[in-house]
Amino acid sequence: MSFPWAAHYAPKHPLMRWLDERLPMPRLVYNAIGAGYPVPRNLNYFWNFGVLAGLALVIQIVTGVVLGMHYAANGGVAFDSVEKIMRDVNQGWFIRYAHANGASFFLAVVYIHIFRGLYYGSYKAPREMVWLIGVVIFLLMMATAFMGYVLPWGQMSFWGAQVITGFFSAIPVVGEPIRIWLLGGYAPDNDALNRFFSLHYLLPFVIAGCIILHIWALHIPGSNNPTGVDVKGPQDTVPFHPYYTAKDGFGVGVALLVFSLFLFFMPNALGHPDNYIPANPLSTPAHIVPEWYFLPFYAILKAFTGDFLWIPAKLWGVLAMFGSILLLFFLPWIDRSPVRSSNYRPLYKKFFWVLVVDVILLGYLGQAEPNWKTVLASQICAGYYFAHFLIILPIVSMIERPLPLPRSISESVLHGEDEESAPYGVADASHAGHGPAPQPAA
Amino acid sequence: MFRLFAPLIAPIVGLGFLLSLLFAIVTASYESEPESTQQRFHLEHKELKLASDGPLGKYDRAQLQRGFQVYKEVCAACHSMRLVAFRHLEALGFTAPEVKAIASQWQIEVPSINPDTGEPATRKALPSDFMPSPYANETAARAANNNALPPDLSLITKAREGHAPYVYSLLTGYRDPKTYKNEHGEALPADGQPPAGLHFNPYFPNLNIAMPPPLTANGQVTYTDGTPATVENYAKDVSAFLVWTAEPELEGRHRAGVATIIFLLIATTLAYMAYQNIWRDKKKHGKRTSLTDA
């Protein structure tokens with residue numbers, strides 16, 4: 001795997017030698033996240049978020065397994081069993097708040113991780129498979145987070161389950177039977193709660209498996225970097241350990257500080273008060289809203305209000321909502337520009353930041369009171385979301401004239417430019433006016 | 001053929017979604033609904049400062065005990081507190097014998113069975129019992145309250161927008177609907193008057209609440225610690241008590257939080273120094289002289 005100059009594992013201690021000959025586990029770790037994995041030397045702090053996502057998954061699995069020891073997946077007692085964890089289990093409040101806020105932490109770092117990939121073109125050849133598996137992980141996370149939110153069996157749990165499973169009933173003819181089959185009944189009830197608990201316990205381990213594939217696929221070409229330029233030689237890389245383990249150690253500290261502020265001082269800031277009311281099928285909350293991390297997609301769902309081309313508005317909304325994520329699978333082939341990093345793509349860079357603002361606006365609109373102003377705003381924002389990926393991106397990648405790329409990572413580092421400023425090549429007469437320096441094809 | 005048309009797939013799909021949105025925008029109606037009575041007369045909750053506020057907040061135990069007294073003498077007549085056990089009250093500063101006395105003197109007994117006949121019966125509460133509900137079930141509660149259900153109060157400050165300040169505002173927010181004027185000087189319209197059996201309260205989301213004003217007069221509850229026995233104080237104290245019933249872990253959480261933040265600040269500083277130390281020879285402005293000593 002990876003580059004020819006990667007260091008080779010040489011066990012020093014006799015015990016490690018003995019182990020390495022029989023089960024090369026130390027070698028695997030050494031090559032994956034040790035000194036045997038050469039990484040571009042110019043990664044910025046946005047490259048910490050992959051490790052942070054892994055940390056978040058570990059937090060979720062550890063706290064989740066403990067919660068599972070005390071939680072009872074039964075409609076009659078689920079709500080009270082969560083309150084028992086909060087009140088009578090030793091440090092149960094800590095475990096439960098860590099898990100609830102850990103879900104937000106996980107999604108937050110993954111969103112930054114995804115947008116980092118969008119900005120620096122990490123989805124492009126030869127890393128398409130890394131990106132595809134990443135989108136699968138994102139979908140699995142959304143499913144897991146949704147089913148986890150149902151488990152406390154509060155009002156938002158119940159009505160959220162009602163709304164989300166209701167998406168399936170938008171499918172013509174077979175939709176309603178599918179919805180009933182998925183729920184195990186006509187409305188969410190004990191059967192739905194039980195299967196959600198079972199799947200909520202299973203999917204994190206599927207995610208863990210996909211993360212192994214994600215890292216495996218990453219280690220074939222090696223990590224991307226802020227210039228987007230390929231690694232040319234040993235001078236461009238440093239060994240993952242100790243250089244990036246040290247940097248990740250610092251990143252983990254900062255991330256845990258932010259996480260702790262939520263966990264200890266505002267543990268319910270990201271939740272909804274209605275979920276402290278036990279589920280009641282006979283009383284619909286005034287406003288059903290999902291957790292913050294689903295709000296942009298919820299806004300897209302609600303933006304489609306017209307029965308266009310005889311397709312009902314609800315089906316348009318559901319298609320658009322799923323389409324908004326599924327289109328990410330095609331991104332490596334929609335964006336045909338050979339330049340990866342937006343630092344050298346002046347036109348794409350502008351649209352990228354419009355997309356960031358657009359998604360944040362969609363998030364705000366997802367929870368806003370519905371009136372014609374917010375509906376119109378979410379229609380415009382949803383329109384931009386699709387236009388960005390499906391229309392603007394192909395056109396931009398055809399007409400854009402990228403800035404000249406640095407010849408190599410080490411050159412860009414040695415000349416000490418800021419990440420955002422024009423690179424070394426701009427002032428170089430031999431490069432000026434000749435478009436981007438060629439990037440080797442994958 | 002496919003290679004020719006493949007680049008067109010994305011724009012065509014994108015145009016489909018855009019046209020659908022455009023259709024929705026064109027066919028939508030853009031009339032603002034007139035402001036409803038509820039929107040015109042609803043008030044945001046008042047300010048309420050409690051000792052438990054903020055990242056270092058701690059409970060004022062004397063206030064919690066007074067709030068518990070208000071709950072016991074006023075609210076408990078209709079509102080259950082099913083997630084709090086008598087033993088939990090030791091956190092308010094009551095001693096074990098005091099808790100035992102509170103449990104055994106509780107106005108409602110705990111459902112049980114007659115040990116001789118097995119017939120349903122009741123017995124005096126023990127410290128290990130959760131607080132018994134004033135009604136046997138929801139139907140009984142609704143029958144006694146004009147078909148309204150008094151909500152359980154264990155989690156009420158976490159389960160309402162506005163939290164404790166909302167509870168305090170609601171308890172002190174009853175107004176006479178005949179004479180009430182909002183901030184624009186408007187009186188309630190004739191069709192906005194509360195229906196029979198409901199009570200006007202501008203802090204309640206739909207303005208008309210089934211609960212009659214529970215705190216009606218100064219001196220209604222007798223305080224023994226010298227705190228003025230006013231409706232204002234009853235409302236504040238019981239709101240503070242309800243913060244505790246919803247978040248009994250709050251003090252321990254704040255303490256653990258401060259310790260964790262201090263630990264993480266030190267650990268993160270050390271991690272930063274280790275990071276700088278390890279990267280010393282790799283940084284752009286370091287002393288490196290050649291490309292090959294990386």
Side-chain angles (χ1 to χ4, degrees), chain A residues 41 80 83 86-87 93-94 97 234-238 242-243 246-247 249-250 252-254 256-257 260-261 263-265 267-268 273-274 276-277 286 303-306 308-309 311 313 316 320 323 327 330 333-334 336 371-372 375-376 379 382-383 386-387 389-391 393-394 410 413-414 416, chain B residues 6-7 9-15 17-33 55 82-84 88 151 154-155 158-161 163 205 246 248-249 252-254 256-258 260-261 264-265 267-269 271-272 274-275 277-279 282 284-285 288 291-292 294:
Chain A
R41 57 186 296 164
D80 287 3
E83 280 303 320
M86 293 295 289
R87 288 156 193 272
W93 60 266
F94 172 76
Y97 277 153
Q235 70 279 8
D236 289 344
T237 65
V238 292
Y243 290 96
K247 191 173 184 177
F250 172 56
V252 164
V254 174
L256 286 181
L257 272 168
S260 299
L261 287 179
L263 199 172
F264 292 106
F265 300 113
N268 295 305
D274 278 20
Y276 282 111
I277 304 171
F304 288 78
T305 54
F308 181 58
L309 290 180
I311 298 174
W316 269 113
L327 63 81
F330 301 94
W333 297 277
I334 293 174
R336 302 161 82 88
N371 57 45
W372 71 263
V375 171
L376 181 63
Q379 284 163 339
F386 288 104
F389 285 108
L390 298 174
I391 298 171
L393 214 47
S410 58
V413 172
L414 264 188
Chain B
I9 295 174
I12 288 171
V13 172
L15 276 176
F17 282 122
L18 286 182
L19 285 174
S20 175
L21 281 170
L22 196 64
F23 177 80
I25 289 173
V26 169
T27 55
S29 90
Y30 293 99
E31 280 173 35
S32 294
E33 285 182 24
R82 61 190 190 85
L83 298 173
V84 177
H88 291 145
S154 319
L155 285 165
K158 280 209 280 193
R160 293 291 182 276
E161 299 279 2
H163 310 289
E249 88 297 345
R253 174 156 59 76
H254 287 174
V258 171
T260 307
I261 296 288
L264 283 174
L265 280 175
T268 307
T269 308
Y272 183 74
Y275 161 49
N277 191 35
I278 284 167
W279 278 80
K282 301 283 180 190
K284 323 179 203 189
H285 304 298
R288 268 164 32 77
L291 277 176
T292 47

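Naming convention: chains lettered A, B, ... in sequence-line order (proteins, then strands); numbering from 1 in each chain.
Listed here is the closest heavy atom pair of A/A387 and B/L18: CB-CD1, 4.1 Å. Here the closest non-hydrogen pair linking B/K282 and A/R41 is O-NH2, 3.2 Å. In terms of heavy atoms, B/L21 sits closest to A/Q379 at CD1-O, 3.6 Å. Contact detail for B/A24 and A/A303: the closest heavy-atom pair is CB-O, 4.4 Å. Nearest approach of A/S260 to B/L264, heavy atoms of both residues: OG-CD1, 3.3 Å.
Between A/W316 and B/F17, the ring planes are perpendicular. Angles over 60° get that label, and only those under 30° would be called parallel. Aromatic ring orientation, A/Y243 versus B/W279: perpendicular (interplanar angle above 60°, classes split at 30° and 60°).
Residue B/A256 touches chain A through both its backbone and its side chain, counting heavy-atom pairs closer than 4.5 Å. Neither the backbone nor the side chain of A/L309 comes within contact range of chain B; no heavy atoms are under 4.5 Å apart. No part of B/I12 comes within reach of chain A, as not one of its non-hydrogen atoms sits under 4.5 angstrom from that chain. Heavy-atom distances place the side chain of A/E83, and not its backbone, under 4.5 Å from chain B. At a 4.5 Å heavy-atom cutoff, B/L22 makes no contact with chain A through either its backbone or its side chain. The contact between A/L256 and chain B is made by backbone and side chain atoms together, counting heavy-atom distances below 4.5 Å. Looking at B/L265, both its backbone and its side chain come within 4.5 Å of chain A, counting heavy atoms on both sides. Of the atoms belonging to A/F389, not a single heavy atom falls under 4.5 Å from chain B. Proximity to chain B involves both the backbone and the side chain of A/L257, based on heavy atoms less than 4.5 angstrom apart. For B/V258, the parts lying near chain A are the backbone and the side chain together; criterion is any non-hydrogen pair under 4.5 Å.
To the nearest 0.5 Å, atom CD1 of residue B/I25 and atom OG1 of residue A/T305 are 8.0 Å apart. For the atom pair CD1 of B/I261 and CZ of A/F264, the computed distance is 7.5 Å after rounding to the nearest 0.5 Å. Annotation: the span from A/N371 atom CG to B/Y30 atom OH amounts to 11.5 Å, rounded to 0.5 Å. If you take CZ on B/R253 and CZ on A/F265, they are separated by 8.5 Å, rounding to the nearest 0.5 Å. To the nearest 0.5 Å, the span separating CD1 on A/I277 from CG on B/L155 amounts to 9.5 Å. Going from atom CZ of A/F308 over to atom CZ of B/F23 covers 7.0 Å, rounded to the nearest 0.5 Å.
More than 12 heavy atoms of other shown residues, nucleotides or ligands fall within 6.0 angstrom of atom OH in B/Y275.
Under the 3.5 Å distance criterion, with hydrogens and angles disregarded, no donor-acceptor pair is assigned to the side chains of A/W372 and B/S29.
For the set B/A274, B/A28, B/P55, the count of heavy-atom pairs under 4.5 angstrom toward chain A peaks at B/P55. Per-residue heavy-atom pair counts under 4.5 Å with chain A were compared for B/G14, B/A10, B/S154, and the maximum is reached by B/A10. Put simply, of B/G252, B/S20, B/P7, B/A271, the one with the most heavy-atom pairs under 4.5 Å next to chain A is B/S20.
A 4.5 Å side-chain heavy-atom check between B/V84 and A/R87 finds at least one atom pair inside the cut-off. Counting heavy atoms from C-beta outward, A/L263 and B/T260 have side chains that stay 4.5 Å or more apart.
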